[in-house]
Asker: 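Quick one: the structure is below, questions incoming.
Order of the sequence lines sets the chain letters (A, B, ...), proteins ahead of strands, with each chain counted from 1. Predicted model, so just to flag it, every value in this text is computed and none were measured.
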Amino acid sequence: MKFNYIKTVALAAIATAFISCSSDDDATGEVIGDTYGDVEFYFDNGAAGNSLILGVPFTNSMDEALTVNKLNYIVSNFVLIDADGNEVVYPKEESYFITNQQDEVKTVHLENVPAGDYKAVRFGIGVDEQRYLQGETAQQSFWDLAAANDLTWTWSTGYRFVVFEGTFTSPENAEPLLFKVHQGSNTETDNYREVTLTLPTTARVREGETPSIHLITDVNKLLDGETKISLHDNLNQAGTAAAIMGGENLIKIADNSTEMFTVDHVHNGAGHHHE
Amino acid sequence: MIGLLALSFISCNKDDGYEAVVNERLDFVVPANFPAPAQDIEHNYPTQKGFELGRKLFYDTRLSANNTISCSFCHEQENAFTHHGHTFSHGIYDQEGTRNAPAVQNMAFQSQYFYDGASDAIDMLSIAPIHNPVEMDETLENIAVKLKQDKEYVKLFNQAFEGGQITSGNILKALGQFMTMMVSANSKYDKFVRSEPPGNNFNQKEMQGLELFRQKCASCHATDIFTDSSFRNNGLPPNPNLNDLGRETVTGFKRDRYKFKVPSLRNVELTAPYMHDGRFGSLESVLNFYRNGMTDSETLDEQLRAEDGTLGIPLTDEEKEALIAFLKTLTDEEYINNPLFYYQT
């Protein structure tokens, strides 16, 4: 089974969960040990406090109005953490996922997660260094999936972590100009980042119960987080478009991207909650 | 769990109809005078079937959009897998690129690939030439579609990757395994440093060249891989028609302008023309350039600037001759004639 190589961690987590349950929750009569359930992550894209709607502008703190036409990104290496800090690491070779705003691909579905009560989650934005091919399994070619979602780089070899494109206006340009932000690592800078998020309520994983963790992704943070990156300042020499695909900006965007995610709420219980 | 495994095992045997083949791990040997591999080869360790599949792919023109260009088109074994006599290679539709085809050898011992380091993983580097519109102009996904129509490939992928399918990832892995095994370590120089028969085989000129090399060249062309896999501006005057920014293209940092990867010098006698843009036709021209052809710029490698501010590596004619004699001891006839790296249809 897929959990073999993290079994020790998983068992430890199960054992702890089991012990704490049996003392507190005897009345429920739940069986946790050696049972598994699923977990869903729902990535709900927003922009500066509102929903992200492709084709509809939002204004950032630099007074630039961005109209997003495309937002796809890779999330990976999911970890569930219980109250005692025990970590359940989802099998790495199956832990790469894509979200696509246009196609409404927003859900990450983890299967066969040890039953337990999870208090926090950790995941990565992009693909970690030297692990490019680990999303390749007998069932799925991650490269093909990424390529189909415009999330590969082929002139330099690897994955785009975030593709964020559209048009913008600014105090300096009233006419909309194209922008393209392609975030990723290159052979000089590792721009993969991880975030750890505490859950506002426990995610209960049980056989037949699939908690759904509802995240809000504020895409505005990519350029308008701790570090401010003005699109107008990044116009090409001809002044016709802004393309951010390398250099210092990628490091800044990587750090900004860790501010992008918040867990809004958690649904517990049976069945699917989104889609 | 065991029941499931057993079931799937049985069904595999029944459905696929392939004979059980033993796919042995190959014996990847680090030559005694080499540093440790720079790539984690355990991640995609070469097997007999994976290697053979990678070799078949390397020689297959279906890796290009119109099925005319294989990897081997620009990487010919007899020239240490470079494109002899071509400043720039002709790619698909007879287009020309802007860089000289680099040698394919000792790849597992290098941490960066291409003149600008567009890749740092042996299992990923094939993406660049395959997708480059002036080289092969193809996509991995479409190569997989084409190869799936060939029953032989369906079988070979299945054998190489334990029931594996023809996927982008497995195409890259097979090519990676082939390149991992492409080790050139049996030149006259190697036998000399390893004190292998026929014993001390260097003549006086080659000895002098080796000593000069160690003094004047080995800080960049380091170790017996003859590169430190770094990027440096060696003072080559930029060609205004190309304006190739080198490493900056990948990193986006101005500090990397005009820096190119230090190439290995193995088989250098066979890999003319030289430099990233193939501007020099002979080793003598290369050494003339290092002696007095450099252009100063902000990113020029400091090692090339003398204390008095002059640029270059001082060399007499006699020293030049000795260096060239030494460089020719890096030619590895066994490598360029090794039938393991040649695909016979």
Asker: So for E141(B), is it side chain, backbone, both, or neither that comes closer than 4.5 Å to the heavy atoms of chain A?
Answerer: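 Both backbone and side chain of E141(B) come within 4.5 Å of chain A.
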
Asker: Where does I251(A) contact chain B at under 4.5 Å (heavy atoms): side chain, backbone, both or neither?
Answerer: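 Interface part for I251(A): side chain.
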
Asker: With a 4.5 Å cut-off on side-chain heavy atoms, are H182(A) and I244(A) touching?
Answerer: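 The answer is no; the side chains never approach within 4.5 Å.
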
Asker: Is the shortest heavy-atom distance from the side chain of T99(A) to the side chain of K106(A) under 4.5 Å?
Answerer: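 Side-chain contact under 4.5 Å: no.
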
Asker: Distance only, no hydrogens: is a donor on one side chain within 3.5 Å (strictly under) of an acceptor on the other, for Q177(B) and N44(B)?
Answerer: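 Yes, side-chain donor-acceptor contact under 3.5 Å.
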
Asker: When only pairs under 4.5 Å are counted, which of N132(B), L140(B), T139(B) shares the most heavy-atom pairs with chain A?
Answerer: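 Of N132(B), L140(B), T139(B), L140(B) has the most heavy-atom pairs under 4.5 Å with chain A.
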
Asker: Only one of L71(A), L223(A), V162(A) clears side-chain contact (heavy atoms from CB on, under 4.5 Å) with V181(A); which?
Answerer: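 Of L71(A), L223(A), V162(A), side-chain contact (heavy atoms from CB on, under 4.5 Å) with V181(A) is met by L223(A) alone.
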
